[in-house]
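Data first, discussion second: the structure below is written as structure tokens.
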Amino acid sequence: MSVRVRFAPSPTGHLHVGGARTALFNWLLARQAGGTLILRIEDTDRERSADSMTRGIIEALEWMGLDWDEGPIRQSERLDRHRAVADALLETGHAYRCFCSPEELARRRRAGSGTTGEWTYDRRCLSLSVDAVAARMASGRPAAIRFRVPEGAVGFEDAVFGQIRKRGEELEDFVLVRSTGEPTYLLGVVADDLDMAVSHVVRGADHISNTPKQLLLYRALGRTPPVFAHVPLILGPDRTRLSKRHGAAAVLAYRDAGILPEALVNFLALLGWSDGTDREIFDRASLIDAFSLGGVSRSNAVFDGDKLSWFNGRYIHSLPAAELAVRVAPVMRGAGVWEDRFEAADRGWLEQLLATIRPRFRSLDALAAEVGTYAGEDIDYEQAAVEKFFNDPSLAEYLPALAERLENIERFDLESTESALRTLAGELGTRAGLLINASRVALTGKSVAPGIFDVMVILGREKTVRRLRASIARISLS
RNA sequence: GGCCCCAUCGUCUAGUCGGUCUAGGACGUAGCCCUCUCAAGGCUAAAACACGGGUUCGAGUCCCGUUGGGGCUACCA
């Protein structure tokens, strides 16, 4: 049997990391089996669904590199089909019309929810005679269609949670079609999964409790249900389900915060799944290779932004410099540090710069912002750096001397600049460290930067000499 | 409230048929090394089997209960 899975988000909000992980697991399963991934938008609640959300979800999936083979299919385009399924259920006696209005139900619910807990639908309309139903329909009274929950237990073997059972008596006669004629989610999923020949339903564990209802529908329809695999939920730091309340839970917010998609994918894969080894770094291909539903955890996981950040650092540090340049380019544009010369003539220089400064960064944002320090003409001097490394009066003498040496050495590379500086320090009878740290402030305006000779080489002789000389004015100010 | 599910370091997790598990790895934290700063990298440390009963020669691993957490309980998805 071929693997046909689906990712079925509802466009009532942004794609958050929980949904993204569900999408990832589905994608992994499909790719691993050479199967099919269907993207289905569950927008049967027209009140809460928004097209902009659908676009955002698609944008997020594309950014993560999770491609689908069929769809996007909007559930709202299949309403007639859903209604036909409901009619069939009506026909076979598995469903019935209910004329109780939502307001009336709310009233009864309030009155009925006494000591023994929740009120469930009392099946008032189930006992209506055929004539009574016909009369109400003729009078144009709106009717919902409810599923008639049969007696007995329902159970299924979940691919990650194992055996799950529920007694039918605990289920109420749920609504299949609203009195407005709109089918509900419960009917929609079953009808769609059936029509789309879905073989594995992989979704969040918040759907476990609804699965028995869906199973009843499959049974009433005389069809074999797919394999169900529920994945544990991702929790916020407060241990409740991730939502907008938890700030940046949206996938696109991570993209905008300078997170690389491969880092998010790698991190998410390991949140709730393990291959049983100590391995932490997985690229797409090895994830496809190693993933299995059996390795999915049964307990919920707290989202740890620090660890995501660590993964992001790993990828920023290890991506080929040329590739990294491609990724930061848009971020640099956003930060206003992009220059056209980076597109052509100075592409190599940009790549070299990125490779030099990246060990200090864990996000594309911070990395991009730093480019300006090296590529721009002017630099800002950080007060703290000036106070810490630019406070020796003799620097007013040393720095011009260093500038002069550097201006005249034959070659200008790592070895020559270092030997020039150390030789000068020796001649001046001072520590090389004094010159080095002061040079750092003079060349970058900061107390934190790559090795000073890397800085000199990346800046080039001319800019190095110029900044060294220009910086002297700052000494007296400190 | 009812029902369902879950339970190993602060966090993510490994833990084969119950037997060197004095519980392993990673993030984070602390220290050390490297060193021109800060990172990166390397090394080290502190840090967990929720609790109580069973079963067993032996339980983190099986069973029951308690506690804790999460989910569902809509004419939401």
Side-chain angles (χ1 to χ4, degrees), chain A residues 8-13 42-45 47-49 75 98 100-102 105-106 109 113-120 142-146 158 161-162 164-167 169-172 174-180 182-186 188-189 204-213 230 232-233 235 237 239-241 267 270-281 297-311 313-314 317 357-362 385 388-389 418 421 431-441 444 446-453 455:
Chain A
S10 66
T12 53
E42 313 237 298
D43 57 351
T44 52
D45 181 356
E47 300 261 304
R48 304 198 305 149
S49 297
Q75 208 159 44
C98 172
C100 306
S101 71
L105 288 171
R109 198 184 310 276
S113 57
T115 46
T116 39
E118 282 296 305
W119 179 84
T120 54
I145 298 177
R146 281 183 188 272
D158 190 277
F161 283 90
I164 290 177
R165 310 200 64 78
K166 186 135 184 164
R167 292 182 300 131
E169 301 76 71
E170 278 144 16
L171 269 20
E172 75 175 332
F174 53 93
V175 171
L176 258 21
V177 181
R178 300 182 179 95
S179 48
T180 56
E182 306 169 280
T184 61
Y185 161 77
L186 252 9
V189 247
D206 50 338
H207 288 280
I208 288 181
S209 298
N210 284 320
T211 306
K213 293 178 191 167
H230 289 92
L233 268 19
L235 275 23
R239 294 205 149 273
T240 63
R241 200 197 337 193
F267 170 69
L270 257 27
L271 241 199
W273 171 80
S274 163
D275 71 341
T277 73
D278 289 341
R279 185 168 180 192
E280 300 255 43
I281 302 297
S297 159
R298 276 171 296 278
S299 43
N300 295 341
V302 173
F303 187 90
D304 180 6
D306 280 343
K307 190 147 188 181
L308 202 213
S309 189
W310 174 77
F311 272 111
R314 288 286 303 238
H317 303 160
I357 65 178
R358 66 176 168 182
R360 260 151 295 266
F361 300 97
R362 289 182 161 195
K388 188 175 180 190
F389 295 120
E418 174 156 15
L421 183 143
R431 296 167 20 249
L434 176 71
L435 259 35
I436 287 173
N437 287 323
S439 294
R440 175 166 293 105
V441 178
T444 67
K446 304 174 188 202
S447 58
V448 171
I452 198 63
F453 307 109
V455 171

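Residue numbers start from 1 in every chain, and the chains themselves are labelled A, B, ... in the order their sequence lines are given, proteins ahead of strands.
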Need one value for [X]: base, sugar-phosphate or nothing, where a base atom within 4.0 Å counts as base even if backbone is also close, heavy atoms only.
{"X": "Gly313(A)", "result": "nothing"}
{"X": "Glu172(A)", "result": "sugar-phosphate"}
{"X": "Ser10(A)", "result": "sugar-phosphate"}
{"X": "Ala301(A)", "result": "sugar-phosphate"}
{"X": "Asp306(A)", "result": "sugar-phosphate"}
{"X": "Pro450(A)", "result": "base"}
{"X": "Ser274(A)", "result": "sugar-phosphate"}
{"X": "Gly276(A)", "result": "sugar-phosphate"}
{"X": "Ile145(A)", "result": "nothing"}
{"X": "Thr277(A)", "result": "nothing"}

Tell me which nucleotide, if any, is Watson-Crick or G-U wobble paired with [N] when both distances must be under 3.5 Å.
{"N": "A23(B)", "value": "none"}
{"N": "U35(B)", "value": "none"}
{"N": "A46(B)", "value": "none"}
{"N": "C17(B)", "value": "none"}
{"N": "U67(B)", "value": "A7(B)"}
{"N": "G1(B)", "value": "U73(B)"}

Checklist entry - Between U37(B), A26(B), C76(B), which nucleotide gets closest to the side-chain atoms of Glu280(A)? => result A26(B)
Next on the checklist: Ring-plane angle category for Phe303(A) and Phe267(A), please: parallel below 30°, perpendicular beyond 60°, tilted otherwise.
Outcome noted: perpendicular
Checklist entry - Are any of Arg279(A)'s side-chain N or O atoms less than 4.0 Å away from OP1 or OP2 of A14(B)? => result no
Checklist entry - To the nearest 0.5 Å, how far apart are CD1 in Ile208(A) and CD1 in Ile164(A)? => result 4.5 Å
Checklist entry - What distance do Leu233(A) atom CG and Asp206(A) atom CG have between them, rounded to the nearest 0.5 Å? => result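 Those atoms lie 5.0 Å apart.
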Checklist entry - Is any side-chain heavy atom of Ile281(A) closer than 4.5 Å to a side-chain heavy atom of Phe311(A)? => result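 Yes, close enough: below the 4.5 Å cut-off.
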Checklist entry - Does Arg298(A) make a side-chain donor-acceptor contact with the base of C6(B), cut-off 3.5 Å? => result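 Under the 3.5 Å cut-off, the side chain and the base do not form any donor-acceptor pair.
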Checklist entry - Under the 5.5 Å and 30° test, is His207(A) stacked on the base of G71(B)? => result no
Checklist entry - Between Trp310(A) and Thr180(A), which is nearer to the 5' end of RNA chain B once each is assigned its nearest nucleotide? => result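 Counting from the 5' end, the first nearest nucleotide belongs to Trp310(A).
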Next on the checklist: Would you measure the distance from the P atom in C4(B) across to the matching atom in G10(B) and give it in whole Å?
Outcome noted: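 Their P atoms lie roughly 31 Å apart.
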Item to check | P atoms of C62(B) and U20(B), separation to the nearest Å | outcome: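 Straight-line distance between the two P atoms is 15 Å.
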